[in-house]
2 protein chains.
Amino acid sequence: MASDHTRTSILAAAERLYADRGFGDVTLRDIVAEANVNLAAVNYHFGSKDELIAELFVTRSIATNRERLRELKAAEEEGGGRAPIEVILHALVGPTLRGCLGPENQRSTAARFMIRASIESVPPIRRIKNREIDHLRKFAGAMRRALPDRSDVDIYWGLNFALAMAHHTIRESERLTKLSEGKCDLDDVEDVVARVVSVATMALTAPRTEAKAPARALARDAR
Amino acid sequence: MASDHTRTSILAAAERLYADRGFGDVTLRDIVAEANVNLAAVNYHFGSKDELIAELFVTRSIATNRERLRELKAAEEEGGGRAPIEVILHALVGPTLRGCLGPENQRSTAARFMIRASIESVPPIRRIKNREIDHLRKFAGAMRRALPDRSDVDIYWGLNFALAMAHHTIRESERLTKLSEGKCDLDDVEDVVARVVSVATMALTAPRTEAKAPARALARDAR
DNA sequence: GATGGTTTCATACAAGTGTTTGAAATGCAA
DNA sequence: TTGCATTTCAAACACTTGTATGAAACCATC
């Protein structure tokens with residue numbers, strides 16, 4: 001294994017293509033063409049296409065989770081074991097949003113690949129993805145410490161909605177721009193992060209009965 | 001065209017399979033097997049696989065939009081041209097959530113197909129999907145009338161977040177159940193609708209400066 | 001410089017895809 | 001019934017996919 005040149009070329013090319021075009025549209029032949037290597041190299045170095053995807057996903061998954069946890073840990077230590085809910089949510093959605101939105105040149109292939117992975121859910125990834133639940137539980141724990149009065153159910157719903165807003169905004173950024181005729185500026189990433197964090201915080205801190213009861217009654221009528 | 005039996009069988013089978021397994025995993029041979037018709041029937045009746053998908057999507061798209069607009073119109077007429085924001089949001093996310101969540105037996109194939117379509121975004125659908133923007137604009141208009149003080153930007157972000165929470169919850173319902181160890185009850189559809197509407201309403205009605213400024217300052221620091 | 005394991009390469013393979021074909025079957029009007 | 005358009009069917013087609021093969025090239029070690 002003198003130099004991993006071929007191996008790393010394949011990984012880089014595959015990640016770039018998958019991030020750009022999704023798993024469904026990219027073939028091994030596309031990848032080896034992009035990487036300037038021979039077709040058989042993929043099976044030689046990775047065993048199969050699925051194992052290539054899995055390796056890509058595992059690597060990036062670990063890196064992403066580490067970055068999010070780093071932000072979270074830092075915030076919690078600073079606050080003596082308890083970080084404000086805004087900061088926790090910020091650590092959760094910030095890295096991904098930053099990597100996927102913003103001006104073309106500063107987007108990260110890694111983040112965009114991870115979003116594809118979270119959307120298209122191809123078999124090799126689905127098998128691995130269950131581990132991510134443990135990672136989210138760490139955030140749920142931090143949120144519980146920040147909001148000891150909230151029920152577990154509310155915590156999980158808040159977590160779910162925070163990820164929902166972040167991921168959906170990334171996926172549908174183009175449509176939102178078109179719909180708003182450019183008024184929503186998806187290039188101002190920090191504004192987007194602030195909006196998501198703000199709404200998620202409201203969802204988690206608003207008094208339950210006041211805001212929810214009317215909507216619930218409404219739903220009953222419509223049934 | 002004595003009886004559309006073959007045609008309708010294909011449409012029904014295709015919708016069911018696509019709703020269950022997604023576009024990527026379903027072949028024409030799967031569809032004709034499910035429909036008990038000959039393979040060539042698809043191309044005979046629809047021209048191509050893409051045109052079959054397109055017809056399916058157009059039909060369902062029209063039906064869904066009509067249902068949402070019916071709820072919206074009714075609410076606006078009742079309120080003399082201006083419906084409460086909760087009711088508008090309810091008309092936007094209610095039908096889809098109801099069709100995709102809840103006990104197995106009462107879910108609708110149509111709604112689940114539409115969610116697949118909105119997620120996987122296969123070429124024939126992507127081409128049609130632009131029209132949906134006009135449909136969303138009608139909701140944006142109603143929301144503007146309900147909240148005349150809000151800026152257009154805030155309206156579009158609120159709309160975006162409402163759809164985000166609804167769609168993401170549908171897509172990741174299984175993971176949310178697992179993450180919360182069953183504490184979040186995805187079968188109680190009206191509770192889910194109420195939660196989404198509630199949070200979206202807060203996002204749209206909360207005073208801007210109060211809730212958003214700290215988060216924005218936070219983001220600046222993290223940069 | 002010869003040796004032997006590692007890596008590359010062109011090529012082939014088997015399986016699966018959407019589509020086409022031309023004949024057979026069907027249904028309906030004259 | 002005859003004639004004709006519509007619809008069904010089995011079979012084949014052309015193409016793409018991931019994977020496998022065996023020879024060639026490479027490269028460190030002796």
Side-chain angles (χ1 to χ4, degrees), chain A residues 1-58 113 116-117 120-128, chain B residues 1-58 113 116-117 120-128:
Chain A
M1 196 191 290
S3 86
D4 282 351
H5 176 263
T6 302
R7 237 187 95 90
T8 52
S9 295
I10 292 173
L11 284 170
E15 182 170 50
R16 194 160 0 125
L17 290 177
Y18 285 142
D20 285 345
R21 303 176 6 207
F23 294 99
D25 292 351
V26 177
T27 71
L28 281 189
R29 284 170 177 79
D30 293 334
I31 294 172
V32 299
E34 179 87 359
N36 275 310
V37 301
N38 186 272
L39 174 61
V42 172
N43 284 277
Y44 177 77
H45 285 281
F46 298 93
S48 71
K49 182 192 188 183
D50 281 5
E51 290 175 81
L52 164 63
I53 294 178
E55 168 151 350
L56 222 38
F57 179 72
V58 169
F113 170 83
R116 285 283 188 192
E120 297 195 12
S121 178
V122 62
I125 288 181
R126 205 174 317 145
R127 281 193 288 271
I128 302 169
Chain B
M1 194 192 292
S3 86
D4 283 352
H5 175 261
T6 302
R7 238 187 94 90
T8 50
S9 295
I10 292 173
L11 285 170
E15 181 171 50
R16 194 160 0 125
L17 290 178
Y18 285 143
D20 285 345
R21 297 165 26 196
F23 294 99
D25 292 352
V26 176
T27 72
L28 281 190
R29 284 169 176 81
D30 293 333
I31 294 173
V32 299
E34 179 87 358
N36 276 310
V37 301
N38 186 271
L39 174 60
V42 173
N43 285 276
Y44 177 78
H45 284 282
F46 298 94
S48 71
K49 182 191 187 183
D50 280 7
E51 290 175 82
L52 164 62
I53 294 177
E55 168 150 349
L56 223 38
F57 180 71
V58 168
F113 169 84
R116 285 283 188 191
E120 298 195 12
S121 177
V122 61
I125 289 181
R126 207 175 315 145
R127 281 193 289 271
I128 302 168

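Protein chains get the first letters and strands the later ones, always in sequence-line order, with residue 1 at the start of each.
Of the candidates B:Lys49, B:Arg16, B:Arg21, B:Asp30 forms a salt bridge (charged side-chain N to carboxylate O under 4.0 Å, His left out) with just one, namely B:Arg21.
When all heavy atoms of B:Ile125 and B:Ala117 are compared, the closest pair comes out as CD1-CB, 3.6 Å. Shortest non-hydrogen contact noted between B:Ala35 and B:Ser9 is CB-O, 3.6 Å.
Under the 4.5 Å side-chain criterion, counting only non-hydrogen atoms from C-beta, B:Ile53 is not in contact with B:Leu56. Counting heavy atoms from C-beta on, the side chains of B:Glu34 and B:Val26 never come closer than 4.5 Å. At a threshold of 4.5 Å between non-hydrogen side-chain atoms, the residues B:His45 and B:Glu55 do not count as touching.
In this structure, CD1 of B:Ile10 is placed 14 Å from C1' of C:dT19, rounded to the nearest angstrom. Atom C1' of nucleotide D:dT19 and atom CZ of A:Phe46 are separated by 16 Å, given to the nearest angstrom. To the nearest angstrom, P of C:dT20 lies 12 Å from CG of B:Leu28. Rounded to whole Å, atom P of D:dG18 lies 10 Å from atom CG of A:Asn43. One can place CZ of B:Phe23 at 17 Å from C1' of C:dG18, the figure rounded to the nearest angstrom. Computed from coordinates, the A:Lys49 NZ to D:dG18 P distance equals 4 Å when rounded to whole Å. The interatomic distance linking A:Glu51 (CD) with D:dG18 (C1') rounds to 13 Å, in whole Å. Rounding to whole angstrom units, NE2 of residue B:His5 and P of D:dC9 are separated by 10 Å.
With hydrogens and angles left out, the side chain of B:Arg29 and the base of C:dG16 share no donor-acceptor pair within 3.5 Å.
Using bins of under 30°, 30° to 60° and over 60° for the plane-to-plane angle, the ring pair B:Tyr18/B:Phe23 lands in the tilted bin.
Where A:Ala40 and A:Asp25 meet DNA chain D, the nucleotide closest to each residue was compared, and A:Asp25 sits on the side nearer the 5' end. Of the two residues contacting DNA chain D, namely A:Thr27 and A:Asn38, the nearest-nucleotide position lying further toward the 5' end is that of A:Thr27. Mapped onto DNA chain C by nearest heavy atom, A:Leu39 and A:Tyr44 fall at different nucleotides, with A:Tyr44 at the one closer to the 5' end.
When the side-chain nitrogen and oxygen atoms of A:His45 are compared with OP1 and OP2 of C:dT8, one or more of them lie within a distance under 4.0 Å.
For the helix from C:dG1-D:dC30 to C:dA30-D:dT1, the angle separating the two terminal helix axes comes to 10°, with each axis derived from five pairs and the value rounded to 10°.
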